[in-house]
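See below for the structure under consideration.
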Amino acid sequence: MPSPRRNVEGRPLGASAANCSSSVPGSPAHGGGGGGRFEFQALLSGRTGADPACARLRASESPVHRRGSFPLAAAGPAPAPPAPPPEDDRMTLNPSFLAIALRSLLAIDLWLSKKLGVCAGESSSWGSARPLMKLLEISGHGVPWLLGTLYCLSRSDSWAGREVLMNLLFALLLDLLLVAAMKGLVRRRRPAHNQMDMFFTLSVDKYSFPSGHTTRAALVSRFILNHLVLAIPLRVLVVLWAFILGLSRVMLGRHNVTDVAFGFFVGYMQYSIVDYFWLSPHNAPFLFVLWNQQ
Ligand SMILES: CC(C)=CCC/C(C)=C/CC/C(C)=C/COP(=O)(O)O
């Protein structure tokens with residue numbers, strides 16, 4: 001019977017370096033064979049020397065190291081140690097690590113969204129709150145916001161008011177365009193527990209990423225906070241409205257948590273775009289002249 005391989009100190013190798021490579025459970029050598037586990041093992045030891053502890057163990061068992069331990073036994077000059085991997089190589093994340101992280105995030109997202117979807121149907125645990133959630137849904141819908149802005153624009157008799165409203169209209173249209181583009185690109189289906197009973201939707205609204213109501217809520221609330229002079233309680237109310245509207249999208253079962261979280265981010269950034277390209281009678285006189293002639 002072959003004796004177990006030992007290192008120079010006489011310790012069996014099974015518990016050290018061998019564990020760092022082919023004997024990891026789940027690897028083909030171990031007989032685990034599961035694709036996911038093998039992928040995980042590749043994650044741990046995919047790059048030579050990725051784990052410093054394993055690299056140390058391998059070094060302690062290498063002939064070079066043994067020669068170093070018994071200098072008198074060395075027959076000639078020791079070969080140069082292998083060059084370390086280039087800096088870039090060591091810094092690169094193993095792509096399967098990213099895949100595992102994303103899959104875990106997705107699993108948590110689906111689990112949490114299902115748990116929070118308490119108003120997804122009339123028979124759900126909070127089904128009686130569904131009408132209230134749908135009222136919130138209308139408060140963040142694109143149609144009332146667009147029609148409301150157009151109406152106020154038609155009634156406004158000051159240049160300053162018209163300028164703000166013109167930019168709000170630009171912001172709402174930009175939001176519709178960007179959200180439609182992102183939904184069309186990502187094509188993430190709405191959660192399975194959603195009832196598709198939304199009023200007035202566009203064709204891309206069968207997709208859920210990102211939440212259009214949430215981008216609008218974040219955009220509009222940031223817009224209002226920056227351009228309307230409001231008392232503190234009203235400012236708090238505006239922020240609360242945006243937050244509750246986002247939460248209600250998950251509670252209604254319309255969206256997963258990540259759709260809403262990303263929606264807040266997109267809406268927040270959209271306001272920065274609107275602010276950067278702020279329309280005024282100086283940089284877009286044609287718009288204001290056109291509106292004045294109507
Ligand atoms: C001028 C024009 C094309 C107006 C369309 C307004 C409209 C139908 C917006 C869609 C609003 C909507 C249903 C968004 C979906 O929101 P999610 O939060 O469910 O993504």
Side-chain angles (χ1 to χ4, degrees), residues 106 109-110 112-114 116-121 124 126 129-154 165-223 238-271 273-274 279 287 290-291 294:
L106 208 65
D109 183 31
L110 295 182
L112 192 60
S113 308
K114 186 137 178 63
L116 290 175
V118 288
C119 303
S124 307
W126 284 32
R130 198 171 157 80
L132 187 66
M133 296 293 146
K134 291 186 91 169
L135 204 65
L136 265 170
E137 179 168 63
I138 293 171
S139 77
H141 197 285
V143 169
W145 274 101
L146 279 170
L147 291 184
T149 306
L150 282 172
Y151 176 77
C152 292
L153 206 44
S154 70
L165 288 164
M166 194 69 91
N167 280 283
L168 180 58
L169 186 63
F170 165 57
L172 293 169
L173 292 175
L174 178 78
D175 172 63
L176 275 180
L177 213 76
L178 290 183
V179 170
M182 280 184 267
K183 282 188 173 180
L185 265 176
V186 178
R187 291 169 181 251
R188 185 184 199 187
R189 291 271 163 201
R190 289 189 185 265
H193 54 279
N194 174 47
Q195 291 178 19
M196 201 51 196
D197 56 353
M198 282 166 63
F199 112 92
F200 208 106
T201 55
L202 300 174
S203 63
V204 284
D205 289 326
K206 59 177 177 285
Y207 301 122
S208 75
F209 187 91
S211 158
H213 278 75
T214 312
T215 57
R216 197 156 30 250
L219 168 67
V220 162
S221 56
R222 208 178 154 203
F223 193 102
V238 169
V239 175
L240 268 181
W241 166 74
F243 178 75
I244 294 173
L245 180 59
L247 183 65
S248 75
R249 306 306 292 152
V250 182
M251 291 174 77
L252 270 174
R254 304 272 196 243
H255 290 281
N256 294 305
V257 176
T258 43
D259 304 334
V260 169
F262 192 69
F264 276 127
F265 171 73
V266 170
Y268 189 88
M269 295 314 291
Q270 277 173 346
Y271 176 77
I273 299 178
V274 171
L279 304 172
L287 275 180
L290 265 182
W291 193 264
Q294 285 175 2

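Here the structure is a predicted model, which is why all the values come from computation and not from measurement. Counting starts at 1 for both ligands and their atoms, in listed order. This chain uses plain numbering: 1 for the first residue, then up along the sequence.
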Contacts of R130 that satisfy salt bridge (charged side-chain N to carboxylate O under 4.0 Å, His left out) - sequence neighbours left out = E122, D197
Write out all pairs satisfying salt bridge (charged side-chain N to carboxylate O under 4.0 Å, His left out) with one or both partners inside residues 199-215, taking only residues at least two apart or from two chains.
-> K183-D205
Write 'none' if nothing qualifies; otherwise put on separate lines each N/O atom of ligand 1 with a protein N/O atom under 3.5 Å away and their distance to 0.1 Å.
unit_1   : atom_1 : unit_2 : atom_2 : d
ligand 1 : 16 (O) : H213   : ND1    : 2.8
ligand 1 : 18 (O) : S211   : OG     : 3.0
ligand 1 : 18 (O) : G212   : N      : 3.2
ligand 1 : 18 (O) : H213   : N      : 2.9
ligand 1 : 18 (O) : H213   : ND1    : 2.9
ligand 1 : 18 (O) : R249   : NE     : 3.3
ligand 1 : 18 (O) : R249   : NH2    : 3.3
ligand 1 : 18 (O) : H255   : NE2    : 2.9
ligand 1 : 19 (O) : R190   : NH1    : 3.1
ligand 1 : 19 (O) : R190   : NH2    : 2.8
ligand 1 : 19 (O) : R249   : NH2    : 2.7
ligand 1 : 19 (O) : H255   : NE2    : 3.1
ligand 1 : 20 (O) : K183   : NZ     : 2.5
ligand 1 : 20 (O) : G212   : N      : 2.8
ligand 1 : 20 (O) : H255   : NE2    : 3.3

Evaluate the criterion salt bridge (charged side-chain N to carboxylate O under 4.0 Å, His left out) for residue pair R188 and D109; output intermediate values, then yes/no.
-> CA-CA 13 Å; R188 185 184 199 187; D109 183 31; 2.8 Å; yes
Got a sec, which residues hit side chain to side chain donor-acceptor pair (under 3.5 Å) with S124, two or more places apart in sequence or on another chain?
-> none
Does N256 reach the main-chain N or O of L110 with its side chain, forming a donor-acceptor pair under 3.5 Å?
-> no
Once the angle between the rings of W241 and W145 is folded into 0 to 90°, is it parallel (under 30°), tilted (30 to 60°) or perpendicular (over 60°)?
-> tilted
